[in-house]
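Beneath this line is the structure, given in structure tokens, with notes to follow.
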Number of protein chains: 2
Amino acid sequence: MSPRDPGPTRAAVLLSASQLLESGGPEAVTLRAVGEAAGVSRSAAYRHFDDKAALLSELARLTLTEMAESIRAAAIDTDSRVNLRLGSGAYVDYALQNPHHYQLIFGETPLSAPTPELEAAADEAMAALQHLIERAQTAGQLGGGAPRELATVLWVLLHGIAALQITGHLHEPRTLDGDTRLNELLDLALASFRPVE
Amino acid sequence: MSPRDPGPTRAAVLLSASQLLESGGPEAVTLRAVGEAAGVSRSAAYRHFDDKAALLSELARLTLTEMAESIRAAAIDTDSRVNLRLGSGAYVDYALQNPHHYQLIFGETPLSAPTPELEAAADEAMAALQHLIERAQTAGQLGGGAPRELATVLWVLLHGIAALQITGHLHEPRTLDGDTRLNELLDLALASFRPVE
DNA sequence: ACCTGAACACCGTTCAAGT
DNA sequence: ACCTGAACACCGTTCAAGT
């Protein structure tokens with residue numbers, strides 16, 4: 001029906017790789033294991049992707065697109081400051097619920113040269129954050145300044161929280177459980193984010 | 001002379017691993033290559049470290065210690081707000097000049113269980129940041145709030161900038177060269193970091 | 001057009017054997 | 001006490017061969 005069916009094998013390979021990644025981490029994603037889980041041989045993936053890096057790059061693109069959608073879907077409050085918090089929370093939540101996928105995008109970068117498609121997906125996520133900033137600025141609830149630059153600062157902040165939490169560097173104080181601790185850190189970070197002017 | 005000489009082989013292995021890491025990235029750090037560069041066999045490292053992860057963990061510890069020292073050494077201005085900027089700049093500069101070492105510490109975490117020694121080194125770096133916060137607070141140039149929590153927010157910010165830059169996600173606008181762009185982002189982030197009260 | 005299976009050049013790690 | 005070198009069980013990738 002669709003102009004070009006991506007083919008069941010390609011879809012099965014991507015799905016298997018995604019499941020293996022989140023359940024067993026990056027070292028579980030071998031082409032042998034992917035092939036077995038998808039019911040094909042270990043070299044079948046090469047008929048649909050240039051190499052392993054290209055397969056992972058496509059997986060990263062899909063993840064980034066889903067993440068951007070998750071941010072947009074969460075930011076539904078009428079108060080723009082609440083909205084900023086909801087969208088930011090969605091970003092961090094998504095990262096923590098899919099840590100290995102998140103690390104695939106923002107981690108050690110095994111994706112050598114980022115493809116234009118991957119950059120486009122990253123821009124989409126960035127646009128979702130920038131939209132949060134612009135709405136808050138319009139409502140006068142956030143200082144002035146170039147929205148693009150402020151969105152970058154917000155991104156830097158959210159990525160810092162997500163990345164340090166995933167890699168286990170945000171472990172204290174131990175008196176609070178992880179979720180509470182993280183929400184309080186996000187609250188403090190956003191409350192301290194007050195662009196001048 | 002010293003109570004227990006760590007042995008020339010152990011030191012040579014660590015140095016070779018460090019050089020291979022920064023010059024060729026993580027995939028260049030194979031025990032075969034390390035052994036050859038250090039002038040020993042490929043299995044000699046097992047006489048000094050439990051496994052490859054333990055070797056990398058020790059390398060991460062040394063890096064973290066050096067980084068903390070670099071932050072301390074940079075923060076020498078009498079004005080505490082300038083000091084905050086100098087220390088923050090030293091953090092980001094160190095990360096960008098040793099990207100693979102920085103990623104070894106804060107990246108995909110191949111170091112399974114962090115050793116107590118590694119955690120102690122991380123606390124040292126964290127303490128350097130907290131000291132910057134406390135000095136600025138004492139001088140009345142930064143709002144109130146728990147220094148420990150604010151230092152965590154600062155850390156999150158600096159890590160976000162360093163990590164996104166290293167992984168190539170901070171590439172626009174292309175009208176500026178990388179250093180200028182990064183310094184302006186750091187300036188904006190610190191100017192927007194204004195804890196309430 | 002898509003897939004297989006053997007083969008190749010790599011890994012980390014182990015272990016009997018040497019000094 | 002420290003090191004070697006062969007061996008083992010893995011990788012990603014290629015390629016002739018099949019349908």
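All chains are named by letter (A, B, ...) in the order of the sequence lines, taking the proteins before the strands, and each is independently numbered beginning at 1. Computed from a predicted model, the values in this text were never measured in an experiment.
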Assess whether one donor atom and one acceptor atom, taken from the side chain of B:Ser43 and the base of C:dG12, lie less than 3.5 Å apart. no
Under-3.5 Å donor-acceptor pair between B:Arg42 side chain and C:dG12 base: no
When you measure from the side chain of B:Thr30, which nucleotide among C:dG12, D:dC3, C:dT4 comes out closest? C:dG12
Rounding to a whole Å, what distance do you find between [X]:[atom1] and [N]:[atom2]?
{"X": "A:Glu27", "N": "D:dA9", "atom1": "CD", "atom2": "C1'", "result": "16 Å"}
{"X": "B:Asp51", "N": "C:dC15", "atom1": "CG", "atom2": "P", "result": "14 Å"}
{"X": "B:Phe49", "N": "D:dC3", "atom1": "CZ", "atom2": "C1'", "result": "15 Å"}

Shortest non-hydrogen contact from A:Pro195 toward A:Leu142: CD-CD1, 4.1 Å
OP1, OP2 of C:dC3 versus side-chain N and O of A:His48: anything below 4.0 Å? yes
Result of checking A:Phe106, A:Tyr94, A:Tyr91 against A:His159 for ring-ring contact (aromatic ring centres under 6.0 Å, His included): A:Phe106
For B:Glu124, is there an ion pair with B:Arg61 - N to carboxylate O distance below 4.0 angstrom? no
With a 3.5 Å limit on both atom pairs, tell me what D:dC10 is paired to, counting Watson-Crick and G-U wobble, or say none. none
Just name whichever nucleotide pairs with D:dG5, Watson-Crick or G-U, keeping both distances under 3.5 Å, else none. C:dC15
Base, sugar-phosphate alone, or nothing: which one does A:Val29 contact when heavy atoms must sit under 4.0 Å apart? sugar-phosphate
